[in-house]
2 protein chains.
Amino acid sequence: MEHYLTSVQKCCTLLKVFINGNKEWGVTDLSKELQWSKGAVHKMLSTLESEGFIKQNPQTKLYSLGYTLLELGNKVKHDDDWVSFSRSYLQQLAELTKESVCLCIRDHRDAIYVDKLDSPLPIRFIIDAYRRFPLYATSASRVILAFSPEEMWDAALEEPITAFTEQSLTDLSEIRSRLELIRSRGYEISSNMRNVGVTGIAAPIYQADGSVNASISLIGPSDRMEPNVDRWLSALLQMTKEMSRLVGYK
Amino acid sequence: MEHYLTSVQKCCTLLKVFINGNKEWGVTDLSKELQWSKGAVHKMLSTLESEGFIKQNPQTKLYSLGYTLLELGNKVKHDDDWVSFSRSYLQQLAELTKESVCLCIRDHRDAIYVDKLDSPLPIRFIIDAYRRFPLYATSASRVILAFSPEEMWDAALEEPITAFTEQSLTDLSEIRSRLELIRSRGYEISSNMRNVGVTGIAAPIYQADGSVNASISLIGPSDRMEPNVDRWLSALLQMTKEMSRLVGYK
DNA sequence: AAACAGTGTTCACTATATGTGAACGAATTA
DNA sequence: TAATTCGTTCACATATAGTGAACACTGTTT
């Protein structure tokens, strides 16, 4: 089936421009960005505005995302089974470690932190949650990828690899052997791959059928993480083992 | 101008069904709810799914909101000028009072809490943020309505009034005189109107032109709020006065 | 003060996308 | 095994959407 609704696809394309782009756009700018006629852009924007998906600044006439999307995004989070299931575990882990913790899930060929708790300490890593990023990028997402079928490895590594830091893995064979390492030891610990001076510890949640679509991760400043790696890792593994059992994994 | 894009309007209508309705929908259910043909509903859902705005459970075949909406909703919050401007003030107020605090804004004829901090105390009021509600409903939103032009009063009171508790104001003249009271004293304190046993204290943020589109509110269990009302109110008023000054109000 | 160069916005028309409603296969229930 | 109910597919008649030029406005430049 390939008969999608054209104008709905275009509507989604337009909204997505706002995710990684500017927070405000003019009609002409969007027209250039999307290669649509000004008339088409304007008609799309005013339709979306009438629905609360877009708002227009009365002074500057520029458009930005509307509050109905805030409602929808909040509903996604509150309806999510992984989020409601994991909340108390995240709190427990945050309490114990005083570091930032998060729940990572896979959505198609991307990863997203769908829930998080930031460390209460003055020096802390603030997790940039609710945003899509590549599966190979962080310890939490690499754990998910490692335990996914090989087709997923291919899909995730198909697009050009982004290096987030100097120490990011960029070579395909390097990434693949890293994934094999994760698969064999059952967890991931990495430093400086997504953010310099930051260490992440991540473990997978196994589902009833043995597949993995979610992971729990602990992220903090490397110098504070390193002395505690063994303690935090065993606490994390114990927790994810228990969580896996509860969702039916044997 | 009335030539909106029909299928985009319908796409928005479909997505909004998920906000207040079930978290999962089948094609037939949505077809009945929206009075569209099954074919049309299916085509819309599969288009939105291909864009990540909707996801389908492979087992049950039921549809729910997709993670791209989580990304968009998060962007709305992070791009919002009121949210970034108010964050430190909310923290300050939360620190002082140990009660839940929030930032309320008006969007057309609705109110939304666009940011919040929940009380750290074991007994606390958890603010249901990021959801639209009527302007007449809570102390925070009534403050905004009170200082809005009278056309807004008419618009907000046009729809049938929802009573959230036994003590909610439902009579139109009762609401209007309440708004006049708020306008004359410059703040709102109310109990049991949205939630039984809960008291809210709210004050407006005035913009450069004297208009009001945002307010700060303090919400907590009535028995803990009452002994502190005077202290909290003066702290709140001092804060909103300072905030109003900073956005250009004289 | 006048011309200009930007906006966002509007419009009528033709090519194009879209909703219909019946038919399909796959589950699930009787 | 028959009946029901689900999501999904399809071809065609009909309603919709993109075009690109013209518009009204704003602020700037001459």
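Each chain gets a letter, A, B and so on, in the order its sequence line appears, and its residues count up from 1.
With sequence neighbours excluded, the residues that form a side-chain contact (heavy atoms from CB on, under 4.5 Å) with A:Leu237 are A:Tyr187, A:Ala203, A:Leu233, A:Thr240. Partners of B:Tyr113 under the ring pair (Phe, Tyr, Trp, His ring centres under 6.0 Å) rule, at least two apart in sequence or in another chain, are B:Phe133. Listed by chain and residue number, A:Cys102, A:Asp118, A:Ile126, A:Ile127, A:Ala129, A:Tyr130 satisfy the side-chain contact (heavy atoms from CB on, under 4.5 Å) test with A:Lys116 (two or more places apart in sequence, or in another chain). Not counting sequence neighbours, the partners of B:Lys16 by the side-chain contact (heavy atoms from CB on, under 4.5 Å) test are A:Glu51, A:Phe53, A:Thr68, B:Ile19.
What separates CD of A:Gln9 from C1' of D:dG18 is a distance of 16 Å, to the nearest Å. Spacing between atom CG of B:Asp29 and atom C1' of D:dG7 amounts to 12 Å, rounded to whole angstrom units. The interatomic distance linking B:Lys61 (NZ) with C:dG25 (P) rounds to 16 Å, in whole Å. For the pair A:Leu30 CG and C:dT9 C1', the computed distance is 15 Å after rounding to whole Å. Going from atom CD of B:Gln59 over to atom P of C:dA26 covers 18 Å, rounded to whole Å. Spacing between atom CD of B:Gln56 and atom P of D:dC6 amounts to 15 Å, rounded to whole angstrom units. B:Leu62 places its CG atom 10 Å from the P atom of D:dT8, with the value rounded to the nearest Å. At whole-Å resolution of the value, CG in A:Leu45 and P in C:dT7 are 15 Å apart.
In this structure, A:Tyr63 reaches the C:dT9 phosphate: one of its side-chain N or O atoms is under 4.0 Å from OP1 or OP2. Note on B:His42: a side-chain N or O is less than 4.0 Å away from OP1 or OP2 of D:dT8.
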Go along nucleotides 12-22 of chain C 5' to 3' and tag each nucleotide: B for a protein heavy atom under 4.0 Å from its base, S when only backbone or sugar atoms are that close, - otherwise. -----SSBBB-
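The stretch residues 147-156 of chain B participates, sequence neighbours left out, in these side chain to side chain donor-acceptor pair (under 3.5 Å) pairs: B:Asp154-B:Arg176.
To the nearest 0.5 Å, atom CZ of residue A:Arg106 and atom CE of residue A:Met152 are 3.5 Å apart.
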